[in-house]
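Worksheet for the structure shown next.
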Amino acid sequence: MRMIYTCTMNPAIDLFSEFTSFDPFVVNRSIFEEYQPNGKAINISFMLKKLGISNMATGFLGGFTGDFIEQELEASGIETAFINVDGITRINTFVRSESLEYKAVNRGPVISREAQEQLLEQIKKLKNGDWLFVSGSLPRGVDDQIHLDIARIAQQQGVKLVLDISSPVLLDCLAYEPYLIKPNDEEIANWFNLSDHTDQAELQKAAEQLLKRGAQRVLLSCGAQGALYCDSTQELAVNAPSGKIVNTACAGDTMLAAFAGKLMLGDSEEEALVYATAAGSSTAFTSGLSDLNDIPYLASQIQLNRKWGVKHDV
């Protein structure tokens, strides 16, 4: 039976606090606080579960904060298989006061080589047809080589590897033909030295280059410009629905989880792209991950095109 795994190597608890005012050298008392388990692939786990897709979360966790993240995942019905590490999984703090927001992002623990080997051994046990999502930044002590190791193992095991990483090492991972990659417009502009990350024609050419280098599928998120999907047989583009942006931090994770999840459930690429774009926007329009209730309304605003060009019906 096919299994779905997500791998978050640099997870965190995100603490959101709101204050009427925030002043130095005095005790500031919050009027709102919320603790959220976070990490890009952890968000993917939560969204897949919202779609009714069982999955298992792995990566590195340590200390009481790691326990909290694991407990929250399990409370949502998500299985866990994290590698326990020395140190304490980081807490990031986001403070909002009136129209200002302060962001304090911590470093987190150093991951030992032994823990990294444990993770790779775990991935070697995945079977042909399994899915593996690897997403997010790397913790201290882990270098980009681990992405190449994971990509090589995934290809050897016949695992459908889904990558969402900012590092240019992704270009080297393409030699191992990952099943799906999800860059955003700024990342792809950086990799290909594009002067304008909003130039749709240039973004499209760069996405095609990613296919030529080995990616089986590319899902390119472009914020307010919408998204582009391409594989060896087709290119599809959509606009983004309108709404008030509240928090874009998890929108890409939502989009990726919704797109891949819909493919798992048997939807076409066209249907998956429209749904995923609506889902990503839904998360951007809320303070947390989308509850998916507004997807039909948002999807009704989306037009499907080929090459940001001619419209056709889903």
Side-chain angles (χ1 to χ4, degrees), residues 1-10 39-42 44-45 48 53-60 79 81-83 111 113-139 142-184 187-188 191-192 206-221 229-235 252-253 255-257 259-264 269 272:
M1 184 176 70
R2 176 192 66 190
M3 293 288 291
I4 295 99
Y5 300 86
T6 68
C7 179
T8 308
M9 286 183 264
N10 199 20
K40 292 178 69 64
I42 285 174
I44 290 170
S45 272
L48 288 174
I53 299 172
S54 296
N55 65 92
M56 178 177 288
T58 188
F60 303 117
E79 295 182 77
F82 285 91
I83 308 299
I111 307 302
R113 187 63 209 172
E114 180 183 10
Q116 296 175 52
E117 289 297 334
Q118 283 183 263
L119 180 64
L120 293 175
E121 287 301 315
Q122 191 181 79
I123 292 172
K124 288 177 182 177
K125 295 178 182 177
L126 272 57
K127 296 179 173 57
N128 183 55
D130 288 348
W131 289 65
L132 173 62
F133 293 79
V134 177
S135 184
S137 62
L138 293 175
V142 181
D143 63 38
D144 282 345
Q145 177 63 39
I146 199 166
H147 287 132
L148 290 168
D149 293 338
I150 291 172
R152 183 180 65 254
I153 293 168
Q155 185 185 55
Q156 291 171 347
Q157 301 296 107
V159 171
K160 293 183 176 180
L161 177 63
V162 181
L163 284 174
D164 182 9
I165 58 175
S166 298
S167 170
V169 76
L170 177 121
L171 299 177
D172 297 322
C173 292
L174 299 182
Y176 299 103
E177 301 179 329
Y179 181 79
L180 172 65
I181 62 173
K182 196 211 75 64
N184 61 36
E187 290 166 343
I188 206 169
W191 298 337
F192 289 96
E208 291 166 355
Q209 281 298 313
L210 294 173
L211 287 177
K212 290 178 180 178
R213 294 192 184 197
Q216 296 182 46
R217 293 164 178 80
V218 177
L219 177 61
L220 172 60
S221 58
Y229 167 79
C230 55
D231 58 33
S232 61
T233 63
Q234 62 187 328
E235 292 187 5
D253 309 330
M255 182 184 195
L256 177 55
F259 182 80
K262 281 297 183 178
L263 293 183
M264 294 176 196
E269 287 85 358

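Each residue takes its place number in the sequence, starting with 1.
- Side-chain atoms of E79 and S54, non-hydrogen and from C-beta on, never get closer than 4.5 Å to each other.
- Looking only at distances, a side-chain donor or acceptor of Q122 sits under 3.5 Å from a matching main-chain atom of A81.
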Could you pull out all donor-acceptor pairs under 3.5 Å where a side-chain atom in residues 162-173 meets a protein atom, sequence neighbours excluded?
unit_1	atom_1	unit_2	atom_2	d
S166	OG	E187	OE2	2.6
S167	OG	D144	OD2	2.8
S167	OG	V169	N	3.1

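- Under a 3.5 Å cut-off, the side chain of T8 and the backbone N or O of G39 do not form any donor-acceptor pair.
- In this structure a side-chain-to-backbone donor-acceptor pair under 3.5 Å is present from D130 to M3.
- Closest non-hydrogen pair, A41 versus C7, comes out as CB-O, 3.3 Å.
- Looking at heavy atoms from C-beta onward, I150 lies in side-chain contact with L132 at the 4.5 angstrom threshold.
- To the nearest 0.5 Å, atoms CD1 (I181) and CD1 (I188) are separated by 7.0 Å.
- Closest heavy-atom contact between A154 and L161: CB-CB, 3.9 Å.
- Nearest approach of A272 to K262, heavy atoms of both residues: CB-CB, 3.8 Å.
- Under the 3.5 Å distance criterion, the side-chain polar atoms of E235 are left unmatched by any main-chain donor or acceptor of C230.
- Across all their heavy atoms, N55 and I53 have their closest contact at ND2-O, 3.3 Å.
- P139 and F60 get closest at one heavy-atom pair: CG-CD1, 4.3 Å.
- In this pair, F259 and Y229 present their aromatic rings tilted. The plane angle is within the 30 to 60° band.
- How far NZ of K40 is from OG of S45: 13.5 Å, rounded to the nearest 0.5 Å.
- Within 6.0 Å of the CD atom in Q156, the count of heavy atoms belonging to other residues, nucleotides or ligands exceeds 12.
- Side chains of L180 and L256 form a contact here, defined as non-hydrogen atoms less than 4.5 Å apart.
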For residues 210-219, which side-chain N or O atoms pair as donor and acceptor with protein atoms under 3.5 Å away, sequence neighbours left out?
unit_1	atom_1	unit_2	atom_2	d
Q216	NE2	E177	O	2.9

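- Atom CD of E269 sits about 5.0 Å away from atom CD of Q234, to the nearest 0.5 Å.
- Between the side chain of T6 and the backbone N or O of F133 there is no donor-acceptor pair closer than 3.5 Å.
- Nearest heavy-atom pair across Y176 and A151 is CB-O, 3.6 Å.
- Between the side chains of Q116 and R113, a donor-acceptor pair is found at a separation under 3.5 Å.
- Rounding to the nearest 0.5 Å gives a distance of 15.5 Å between CD of Q155 and OH of Y179.
- Expressed to the nearest 0.5 Å, how far NZ of K160 lies from CD1 of I4 amounts to 9.5 Å.
- Under the 4.5 Å side-chain criterion, counting only non-hydrogen atoms from C-beta, R2 is in contact with M264.
- Distance check, rounded to the nearest 0.5 Å: CD of E121 to CD1 of I123 gives 10.0 Å.
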